2 protein chains.
Amino acid sequence: MDLFSFLNSVNITSPQAKEALEQITQVKSYSKNEIIQEIGSRCKTIYFVQEGRARIFYYKNGNDITEHFAFRNDLIVRAESLFTGKPTSKGIQAIEQTNIVGINSDSLFKLYDKHHDIERLFRLLFEREYVNTVKRIESLQFKSAKERYVELLETTNYVQKIPLKHIASYLGITQVSLSRIRADLQ
Amino acid sequence: MDLFSFLNSVNITSPQAKEALEQITQVKSYSKNEIIQEIGSRCKTIYFVQEGRARIFYYKNGNDITEHFAFRNDLIVRAESLFTGKPTSKGIQAIEQTNIVGINSDSLFKLYDKHHDIERLFRLLFEREYVNTVKRIESLQFKSAKERYVELLETTNYVQKIPLKHIASYLGITQVSLSRIRADLQ
DNA sequence: ATGATTATTTATCATTTGTTAAAGGAAATC
DNA sequence: GATTTCCTTTAACAAATGATAAATAATCAT
């Protein structure tokens with residue numbers, strides 16, 4: 001389910017809450033490869049991708065690793081920072097020209113006190129993210145690289161045009177390995 | 001931080017809320033290897049381990065795979081069912097004699113409407129679980145089996161006495177492989 | 001369009017992990 | 001405490017993936 005269908009289906013935010021939410025919301029455009037959030041920063045913004053593609057990434061032994069992809073209508077946050085207040089060694093980058101909605105988290109968390117329905121809305125949103133993360137573990141824990149790649153292709157329509165190296169590191173393998181797997185699948 | 005320090009540090013539940021929570025809470029004892037929640041069931045209970053060790057597990061190609069460990073003071077739920085209402089192919093099992101607190105989730109979710117502070121408490125608890133899950137992905141995605149094993153030993157005091165096969169599958173490797181890694185580490 | 005840069009494939013060899021089987025240890029049951 | 005069952009280690013070989021390098025292919029900037 002995409003974000004907007006979800007918002008409609010939960011349908012719990014009052015007009016006042018919607019108004020308050022809008023006031024802490026910003027839409028921004030990022031060009032291809034532009035950094036949305038720097039590595040080492042604290043996550044103080046909750047993003048929703050309107051159009052385009054973005055990723056969470058970090059460096060391990062000098063290698064650029066994609067931890068997460070976000071496509072149209074996806075939520076994207078660096079949870080390990082947002083929910084702890086600590087800085088994170090991960091960043092967010094636009095993969096291509098991307099329009100993104102940003103909500104300031106400090107302001108949002110303050111709204112939680114006034115608007116129970118906003119707290120509930122975001123609780124439900126993050127519960128969905130949590131479930132997605134659990135499913136990702138299932139995949140990484142005992143599926144082969146080939147299985148993981150096929151699964152990604154099947155569950156995601158947005159993988160086209162994403163550089164192979166990003167897909168490879170997302171799957172936990174090298175790009176050479178992924179290239180081999182693709183050749184194998186022909 | 002363990003559960004009880006956390007509960008004290010957030011300190012947001014009113015006496016009425018605590019009273020209401022207690023009424024939907026049950027303490028149970030399970031013997032070694034006893035099934036706490038059957039594979040295929042829906043997750044309708046949120047558990048906290050008081051004493052002992054438990055695990056979430058499932059079968060893949062006939063192999064018993066441990067997806068998650070829970071020790072003293074840990075929360076344990078099958079998120080992919082609790083937050084979707086769907087049945088899950090995972091179960092929960094006591095690894096040894098274990099005392100566990102269970103909270104009925106249907107009742108809990110109803111309490112959310114009456115007691116904002118209960119909803120908040122559990123939102124915060126599950127946010128912490130979500131963060132743990134994200135960290136687990138980092139580990140599975142690009143660390144070697146040996147790194148993952150050393151990390152597990154370093155971050156967890158409760159791994160002793162857990163059968164090697166459970167630890168191995170948790171790390172995403174075979175028990176033979178883990179045995180090799182242990183020999184290597186001597 | 002052209003040249004420069006970046007992305008992808010292919011090949012070779014090294015390393016890690018899986019598979020199977022067997023043996024040795026530890027623990028539970030009677 | 002003997003026996004059975006379960007757990008852990010070791011060994012030998014197979015398969016998957018990593019590392020490095022080189023060759024194509026695609027894209028970008030001027």
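The structure presented is a predicted model; accordingly, all values stated were derived computationally and were not measured. The analysis underlying the following values was restricted to heavy atoms, covering all of them including side chains, and did not include hydrogens, waters or symmetry mates. Here is how names work: the chains are called A, B, and so on, in the same order as the sequence lines, proteins then strands, and each is numbered from 1.
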Q) Under a 4.0 Å N-O cut-off, is there an ion pair linking Asp184(B) with Lys146(B)? A)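 Counted as a salt bridge, because a side-chain N and a carboxylate O are separated by less than 4.0 Å.
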
Please report, rounded to the nearest Å, how far the [atom2] atom of [N] is from the [atom1] atom of [X].
{"X": "Ile173(A)", "N": "dT8(C)", "atom1": "CD1", "atom2": "P", "result": "13 Å"}
{"X": "Lys143(B)", "N": "dG18(D)", "atom1": "NZ", "atom2": "C1'", "result": "19 Å"}
{"X": "Leu164(A)", "N": "dT10(C)", "atom1": "CG", "atom2": "C1'", "result": "14 Å"}
{"X": "Ile181(A)", "N": "dT9(C)", "atom1": "CD1", "atom2": "C1'", "result": "14 Å"}
{"X": "Phe142(A)", "N": "dT17(C)", "atom1": "CZ", "atom2": "P", "result": "12 Å"}
{"X": "Arg182(A)", "N": "dA7(C)", "atom1": "CZ", "atom2": "P", "result": "14 Å"}
{"X": "Arg180(B)", "N": "dG18(C)", "atom1": "CZ", "atom2": "P", "result": "8 Å"}
{"X": "Leu178(B)", "N": "dT16(C)", "atom1": "CG", "atom2": "C1'", "result": "14 Å"}

Nucleotide nearest [X] (side chain, heavy atoms from C-beta), chosen from [options]:
{"X": "Ser144(A)", "options": "dT17(C), dT8(D), dT17(D)", "answer": "dT17(D)"}
{"X": "Gln175(A)", "options": "dT8(C), dT17(D), dA28(C)", "answer": "dT8(C)"}
{"X": "Ser177(B)", "options": "dT17(D), dT9(C), dT17(C)", "answer": "dT17(C)"}
{"X": "Thr174(A)", "options": "dA19(D), dT17(C), dT9(D)", "answer": "dA19(D)"}

**Q.** Lys114(B) atom NZ, over 12 foreign heavy atoms within 6.0 Å
**A.**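 Atom NZ in Lys114(B) is not packed in, count stays at 12 or less.
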
Q.
On DNA chain D, does the nearest nucleotide to Val176(B) precede the nearest nucleotide to Pro163(B) from the 5' side, or the other way round? Give the residue.
A. Pro163(B)

**Q.** Along DNA chain D (nearest heavy atom to each residue), the more 5'-positioned of Lys146(A) and Lys32(A)
**A.**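 Final value for this comparison: Lys146(A).
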
Q) Is the centre of the Phe126(B) ring less than 6.0 Å from the centre of the Phe83(B) ring? A) yes

(Q) Ring of Tyr47(A), cation from Arg78(A) - is the NZ or CZ under 6.0 Å from the centre and inside 45° of the axis? (A) no

**Q.** Quiz item: cation-pi between Arg123(B) and Phe122(A), 6.0 Å / 45°
**A.** no

Q.
I want to check one thing: is the phosphate of dC6(D), taken as OP1 and OP2, less than 4.0 Å away from some side-chain N or O of Lys165(B)?
A.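 Answer is no, no contact under 4.0 Å.
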
